[in-house]
Amino acid sequence: MPILWHIMKGYSAYGHNEFIICAGYKQHVIKDWFANYYYHTSDVTFDFTKENHTIVHRRNAEPWKVTVVDTGLHTMTGGRIKRIQQYIGDEPFLLTYGDGVCDVNINDLIKFHQANGKIATLTAVIQKQQKGILDIGIKGAVRSFREKKSDDGVAINAGFMVLQPEIFDYLDGDDTIFEATPLERLADEGQLMSFRHSGFWQCMDSLREKNLLENLWNSGEAPWKNW
């Protein structure tokens with residue numbers, strides 16, 4: 001199954017079943033995969049003796065509502081979020097990247113976000129890989145946010161975020177990089193919190209990391225599997 005399915009299954013295990021996918025390159029592949037989800041997850045009989053009759057056995061339906069939005073081929077991360085504003089409406093929402101899995105408790109993350117009353121909360125982990133760098137203060141307040149440097153080895157942004165609808169005011173258009181000006185501005189204004197996670201998180205940015213995740217899954221000991 002694609003990594004997107006693993007991420008969605010993790011959210012679904014906590015009761016979150018409505019998804020909006022910010023698609024771009026080869027977005028038609030994602031749409032086709034969901035359109036044929038029954039075929040991907042069930043046994044199927046193609047009976048060509050009865051006018052091409054198709055029987056789907058053992059249907060494995062998910063309790064999902066999935067909206068796949070074409071957010072453009074060259075749109076930056078912040079621009080993609082801005083483009084789905086009409087589907088979000090005026091309510092808080094969860095956001096993550098499509099290339100990493102984690103065993104973070106989503107509902108605990110939401111409670112933390114609600115308790116602090118800020119515009120944005122992200123999940124922070126300690127990893128050797130260098131991602132967006134966080135300077136975390138007392139009670140989890142993010143004092144600054146910046147992109148990675150080669151010698152960093154501190155708390156990183158693992159994604160798995162909770163955002164208030166006010167986040168759209170920080171996004172200007174397709175060229176907006178979410179991890180740059182928007183998060184830096186939120187940190188400067190005291191509107192960015194970090195939810196510290198000491199468990200498993202792994203991105204899939206390379207073939208080596210893909211093989212690592214597949215080996216964990218095939219071993220039956222995938223830490224992110226909570227369903």
Side-chain angles (χ1 to χ4, degrees), residues 4 6-22 76-85 87-127 129-148 152 154-172 176-203 223-224 226:
L4 188 60
H6 288 265
I7 295 169
M8 294 169 67
K9 288 286 285 187
Y11 275 98
S12 187
Y14 289 103
H16 306 287
N17 295 306
E18 185 170 348
F19 300 94
I20 299 170
I21 299 174
C22 301
M76 297 291 101
T77 50
R80 295 189 188 279
I81 300 169
K82 184 70 172 181
R83 284 206 187 192
I84 64 168
Q85 184 174 3
Y87 299 99
I88 296 293
D90 189 25
E91 60 180 313
F93 61 101
L94 301 165
L95 174 73
T96 195
Y97 303 110
D99 63 350
V101 287
C102 186
D103 62 355
V104 63
N105 187 308
I106 299 297
N107 289 341
D108 285 349
L109 169 64
I110 294 172
K111 291 176 183 177
F112 178 87
H113 173 78
Q114 293 172 334
N116 286 283
K118 304 298 183 180
I119 292 177
T121 299
L122 52 78
T123 299
V125 297
I126 303 295
Q127 286 282 314
Q129 294 97 332
Q130 282 75 53
K131 303 297 179 183
I133 302 303
L134 309 175
D135 180 11
I136 302 173
I138 299 174
K139 296 182 179 180
V142 178
R143 295 179 296 200
S144 66
F145 181 98
R146 63 174 172 78
E147 276 289 58
K148 60 183 178 292
D152 286 323
V154 294
I156 64 169
N157 173 20
F160 294 90
M161 295 167 264
V162 188
L163 303 172
Q164 295 298 118
E166 289 85 355
I167 192 65
F168 293 112
D169 296 333
Y170 290 74
L171 308 174
D172 294 329
T176 303
I177 300 173
F178 184 62
E179 298 77 13
T181 301
L183 287 185
E184 291 169 357
R185 180 181 163 195
L186 286 167
D188 289 342
E189 296 176 1
Q191 288 294 331
L192 180 61
M193 297 296 294
S194 68
F195 180 77
R196 298 197 187 198
H197 175 61
S198 58
F200 179 86
W201 173 83
Q202 178 61 56
C203 62
W224 67 90
N226 59 355

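These numbers come from a predicted model, not from an experiment. Quick note: numbers below take in every heavy atom, side chains included, and nothing from hydrogens, waters or symmetry partners.
- Proximity of M76 to T176: side-chain heavy atoms (C-beta onward) are nowhere separated by under 4.5 Å.
- Summarising the geometry, atom CD1 belonging to I84 is positioned 10.5 Å from atom CD1 belonging to I21; distances are rounded to the nearest 0.5 Å.
- Note that CG of L192 is 10.0 Å distant from OH of Y170, once rounded to the nearest 0.5 Å.
- Taking the six-membered ring for Trp, F93 and F168 have ring centres closer than 6.0 Å.
- Classified by interplanar angle (parallel below 30°, tilted 30° to 60°, perpendicular above 60°), the ring pair Y11/F160 is parallel.
- For the residue pair S194 and A124, the shortest heavy atom distance occurs at CB-CB, 4.1 Å.
- E189 contributes atom CD, which lies 6.5 Å from atom CD1 of I119 (distance to the nearest 0.5 angstrom).
- To the nearest 0.5 Å, the span separating CD1 on I88 from CZ on R83 amounts to 15.5 Å.
- Here the straight-line distance linking atom CG of D169 with atom NZ of K82 works out to 6.5 Å at 0.5 Å rounding.
- In this structure the side chain of N157 reaches within 4.5 angstrom of the side chain of L183, judged on heavy atoms.
- Among all heavy-atom pairs drawn from G78 and L171, the shortest one is O-CD1, 3.6 Å.
- Looking at heavy atoms from C-beta onward, V101 lies in side-chain contact with F200 at the 4.5 angstrom threshold.
- Put simply, the side chain of W201 does not reach to within 4.5 Å of the side chain of V104, judged on heavy atoms.
- Minimum interatomic distance between N226 and Y14 (heavy atoms only, all atoms of both residues): ND2-CE1, 3.2 Å.
- Counted by atom type alone, N105 and H197 present zero donor-acceptor pairs between their side chains at under 3.5 Å.
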Check the pair F178, I167 against side chain to side chain contact (heavy atoms under 4.5 Å, CB included), reporting the backbone distance first and the verdict last. CA-CA 10 Å; F178 184 62; I167 192 65; 4.0 Å; yes

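- Between the side chain of T123 and the backbone N or O of A158, no donor-acceptor pair lies under 3.5 Å.
- Considering only heavy atoms from C-beta on, F112 stays 4.5 Å or farther from D108 through its side chain.
- To the nearest 0.5 Å, atoms CZ (F195) and CG (L109) are separated by 5.5 Å.
- Scored by the salt bridge (Lys or Arg N to Asp or Glu O under 4.0 Å) test, K9 finds E62 as partners (sequence neighbours excluded).
- At least one side-chain heavy atom of Q164 sits less than 4.5 Å from a side-chain heavy atom of H113.
- When side chains are defined from C-beta on, V142 does not count as touching L186, because their heavy atoms never get closer than 4.5 Å.
- In terms of heavy atoms, A120 sits closest to L163 at CB-CD2, 3.4 Å.
- For the pair H16/I110, a side-chain contact is recorded, criterion being any heavy-atom separation below 4.5 Å from C-beta on.
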